[in-house]
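Lettering follows sequence order; numbering is per chain, from 1.
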Amino acid sequence: MIIESQIKTSVAKAVKELYGAEITPESVQLQLTRKDMRGDYTVVVFPLLKASKKNPVETGGDLGSFIQNDCSDVAGFEVIKGFLNLQLSTSFWLGVLNANAHNEAIGIKESDENSPLVMIEYSSPNTNKPLHLGHIRNNLLGYSLSRIVSANGNRVVKTNIVNDRGIHICKSMLAWKKWGEGQTPESTGLKGDHLVGNYYVRFDQEFKKEQAALIESGLSKDEAEAKSPLMKEAREMLLSWEAHDPEVYALWEQMNKWVYSGFDVTYKKMGVDFDKIYYESDTYKVGRDMVLEGLDKKVFYRREDNSVWADLQNDGLDEKLLLRTDGTSVYMTQDVGTAKLRYDDYAIDKMVYVVGNEQNYHFKVLAILLDKLGLEWGKDLVHFSYGMVELPEGKMKSREGTVVDADDLMVDMIDTAREMSKGLGKLDGYSEEEAEKVYETIALGALKYFILKVDPRKNMTFDPKESIDFNGNTGPFIQYTYARIQSIYRKAEAKGIAIPKAANLNVEMSDKEVQLMSMISNFTAVVEEAGKVYSPAIIANYVYDLAKEFNQFYHESPIAVEEDEDKRAMRLLICKAVGQVIKNGMWMMGVDVPERM
RNA sequence: GGUCCAGUAGCUCAGUUGGAUAGAGCAAUAGCCUUCUAAGCUAUGGGUCGUGGGUUCGAAUCCCGCCUGGAUCACCA
């Protein structure tokens, strides 16, 4: 904001002229004035007392008078304790209003071919089971981040690494082969990912039975696991897969295909997408080659048993296995390979991994490995580490059936939205299809906002027994505010009133109106902050505050029905600006806004 | 045990680089629809900011100790 640097400069000038001390404008502590106080900007005077050698109130008074003379936009001031509250002139705020009201791209910076390229990896599912609430948080965060990063003027590539190979998928395959009786999504009517997930659960059940029997016969738990015929069969299947056994490979392709068609439906419903998808089955061998190359370059070393390791003790970490004794890849190997492919495919300036905080150590190691292997952005990779979603009873466990399924949850939300909406009866006149679209918008708005408003780094709890709210600090509240604004336009239009180009600079503004403009003018800074610290929650909380503020304004002021033409014009423009900021802010969370609800 | 993260109202969460009387929502209670959408607005109650020190004009925020919870340290992914 230009006005902020003007004030800071003016403060520095005042300190010099009044007290003869040198301070830099950047060191001036300037903040938005608290809502319950009069004023728009606040200068904290405590740090300036050393220069003034006066008490806080006197110093504030000196500075206030000086700034009021020095800055034409400052219309008045008030000193309370050690705080100098400056009031800007109404015409200043009206200028801000006129400059922003018709800006549809408010808060969004365009990118061009020279803008930094940021690649964002998110979702990254395993192909042995359907998506659950934990994945929802990942997907929503990843998608929202991509929008926020792009709104900050970067080029963005959304990417997904699908973990489509490994022992987990072999378990599902084996169980299907043994007990599936040829079931398909078509024959059962199940979504493919759910069908495959059922066999993953089935495997675990059978395995547990087997284990229990072995323990009964006197083996320890570890021995039982090692001796388990089922587990052995699964491991053999993995080896067959790596050897490209045609039968195993065909089954693998078949089951993955089912899973992908299931995922596609879930992703679509969730409203997320990708620009480039990588598959672990393509990348793990590249990773192996990279490691062997690193071995040649003495970056890594081989042990007597033939396994390959990285020694990271000089980096304050441990030694890390990269290739097993039998030469096969581990998880880390695969990530190195994926990074290499991405590096070849794109001129990446920054790589962001949206992955849960349980993998903090993994990414610390990955950054060092990539750096050692010479990938430029390696050591600067960003692990966007988010917290777990927990149930009131604790962690979700796929195999124990305590997960909240993504598809089920979205269906439940839509049902609730439909029920509530019908009860309120506000969509009369909409076709069945139009109304259904609104229910979905609201339901997903509720879900997405619920997830995104929480600081991503923190764990969050979700109680499936208590459905997600539609009142208060929620997505629908914000959507409702937007719909309300659209309704005002309809009302105005019906009265033959158009939204004006600009407001008259002489019109008076209420405190609430000024407050709204202050918030609007702060939007860009909020987007920048959210981009800097990678936090959709900052956008969410801001948009909520704005919507709340708007609703108060709405209640105390007539808008389309205001008689005074100048006031009406000014208020309609405020609506315009607020509506646009809500829309753009929600866009950054991947949330749509309805025209009516 | 080492490393990392978290602890704010009954519950779910905010709280900018240290700033004013720590804020919302939910839940509870009492009001507001002949006026632009009541998914809204207003009011009331609710706090030892885990705890003990320290730094200073000033600490929920920074530093140290402790308590509690979680994650991680695999030839799992």
Listed nucleotide nearest any side-chain atom of Ile559(A), set rC36(B), rG40(B), rU12(B)
rC36(B)
Hits for side-chain hydrogen bond (donor to acceptor under 3.5 Å, both in side chains) against Ser385(A), two or more places apart or cross-chain, chain-then-number order -> Asn360(A)
Residues two or more places apart in sequence or in another chain: which of them pass side-chain hydrogen bond (donor to acceptor under 3.5 Å, both in side chains) with Ser307(A)?
Asp305(A), Trp309(A)
Syn if the chi torsion is within 90° of 0, anti otherwise; quick check, which is rC33(B)?
syn
With sequence neighbours excluded, what pairs up with [X] under the ring pair (Phe, Tyr, Trp, His ring centres under 6.0 Å) test?
X	value
Phe450(A)	Phe462(A)
Phe207(A)	none
Tyr331(A)	His362(A)
Tyr480(A)	none

Let me spell it out: for each of Lys453(A) and Ser487(A), pick the nucleotide of RNA chain B with the closest heavy atom. Which residue's pick is nearer the 5' end?
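Its nearest nucleotide lies further toward 5', so the answer is Lys453(A).
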What integer number of Å spans the [atom1] atoms of [N] and [M]?
N	M	atom1	value
rA60(B)	rG19(B)	P	9 Å
rU72(B)	rU56(B)	C1'	38 Å
rU16(B)	rA22(B)	C1'	15 Å
rU21(B)	rU34(B)	C1'	42 Å
rU51(B)	rU61(B)	P	11 Å
rG45(B)	rG40(B)	P	22 Å
rU42(B)	rG23(B)	P	16 Å
rG7(B)	rC62(B)	P	10 Å

Figure out the [atom1]/[atom2] separation between [X] and [N], and round it to whole Å.
X	N	atom1	atom2	answer
Arg596(A)	rU37(B)	CZ	P	10 Å
Ile488(A)	rG40(B)	CD1	P	16 Å
Phe553(A)	rU42(B)	CZ	C1'	18 Å
Glu556(A)	rA43(B)	CD	C1'	16 Å
Tyr542(A)	rG15(B)	OH	P	16 Å
Asp455(A)	rU16(B)	CG	P	11 Å
Met460(A)	rC11(B)	CE	C1'	14 Å
Tyr480(A)	rG40(B)	OH	P	7 Å

Quick one: list whatever passes salt bridge (charged side-chain N to carboxylate O under 4.0 Å, His left out) with Glu595(A), sequence neighbours left out.
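Expected list: none.
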Using the test salt bridge (charged side-chain N to carboxylate O under 4.0 Å, His left out), find all partners of Glu319(A) that sit at least two apart in sequence or belong to another chain.
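Glu319(A) satisfies salt bridge (charged side-chain N to carboxylate O under 4.0 Å, His left out) with Arg303(A) once adjacent residues are dropped.
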Less than 4.5 Å apart, any side-chain heavy atom of Ile520(A) and any of Leu546(A)?
yes
Could you check whether [X] gets within reach of a base, just the sugar-phosphate, or nothing at all, counting any heavy atom under 4.0 Å?
X	value
Ser27(A)	nothing
Ala492(A)	nothing
Phe470(A)	base
Ile442(A)	base

Any chance the side chains of Ser281(A) and Asp164(A) put a donor and an acceptor closer than 3.5 Å?
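Judged by distance alone, the side chains do pair up.
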Taking the six-membered ring for Trp, are Phe553(A) and Phe550(A) ring centroids under 6.0 Å apart?
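Under 6.0 Å, so yes.
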Annotated protein contacts, base or backbone, on [range] with a non-hydrogen cut-off under 4.0 Å, one of B, S, - each:
range	result
nucleotides 17-28 of chain B	--BBS--SSS--
nucleotides 68-77 of chain B	--SSSS-BSB
nucleotides 29-35 of chain B	-------

Closest approach of [X] to [Y] (non-hydrogen atoms, all atoms of both residues):
X	Y	value
Val438(A)	Arg596(A)	CG1-O, 3.7 Å
Arg288(A)	Gly327(A)	CD-O, 3.3 Å
Gly585(A)	Ile539(A)	O-CG2, 3.5 Å

Note every stem involving RNA chain B: at least three consecutive Watson-Crick or G-U wobble pairs, i with j then i+1 with j-1, with both distances under 3.5 Å.
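Stems (3+ consecutive pairs) listed as B:1-7 with B:67-73, B:10-13 with B:23-26, B:28-32 with B:40-44, B:50-54 with B:62-66.
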Would Arg484(A) pass as a cation-pi partner of Tyr554(A), given that its NZ or CZ must be under 6.0 Å from the six-membered ring centre and within 45 degrees of the axis?
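Yes, a cation-pi geometry holds between Arg484(A) and Tyr554(A).
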Respond yes when some side-chain nitrogen or oxygen of Lys458(A) is under 4.0 Å from OP1 or OP2 of rA14(B), and no when none is.
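It does, given that an N or O in the side chain of Lys458(A) lies less than 4.0 Å from OP1 or OP2 of rA14(B).
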Would you confirm whether Thr441(A), through its side chain, and Val593(A), through its main-chain N or O, come within 3.5 Å as a donor-acceptor pair?
no
